[in-house]
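Take a look at the structure below.
Both backbone and side-chain heavy atoms feed into the values below; hydrogens, waters and symmetry mates do not.
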Amino acid sequence: MTQPVKRQFSVYLPVDLIRRVKHASVDADESLSAYVERVLEDHLRRTEERP
């Protein structure tokens with residue numbers, strides 16, 4: 001199974017949010033990139049399922 005192509009994507013976020021996301025990724029035992037990808041996918045999946 002091939003991995004999807006990934007690109008760097010820069011966003012500007014409040015410093016406190018960055019800190020919280022970094023801590024959450026450590027707590028989840030995931031890399032920061034993997035954590036953000038999973039959280040965004042989950043959020044988009046939920047919002048796309050709404051009627």
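- Here S31 pairs with S33, A34 under the side chain to side chain contact (heavy atoms under 4.5 Å, CB included) rule; sequence neighbours left out.
- L44 belongs to no hydrophobic cluster, as no Ile, Leu, Val, Met, Phe, Trp or Tyr side chain comes under 4.5 Å of its own.
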Could you go through residues 10-22 and list every donor-acceptor pair under 3.5 Å that involves a side-chain atom there, pairing it with any protein atom two or more places apart or in another chain?
from : atom 1 : to  : atom 2 : distance (Å)
D16  : OD1    : R19 : NE     : 3.4
D16  : OD1    : R19 : NH2    : 2.3

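- Put simply, CG on D29 and OH on Y35 are 13.0 Å apart, with the number rounded to the nearest 0.5 Å.
- Rounded to the nearest 0.5 Å, atoms CD (E41) and CZ (R46) are 11.5 Å apart.
- Annotation: salt bridge (charged side-chain N to carboxylate O under 4.0 Å, His left out) contacts of R38 (sequence neighbours excluded): E30, D42.
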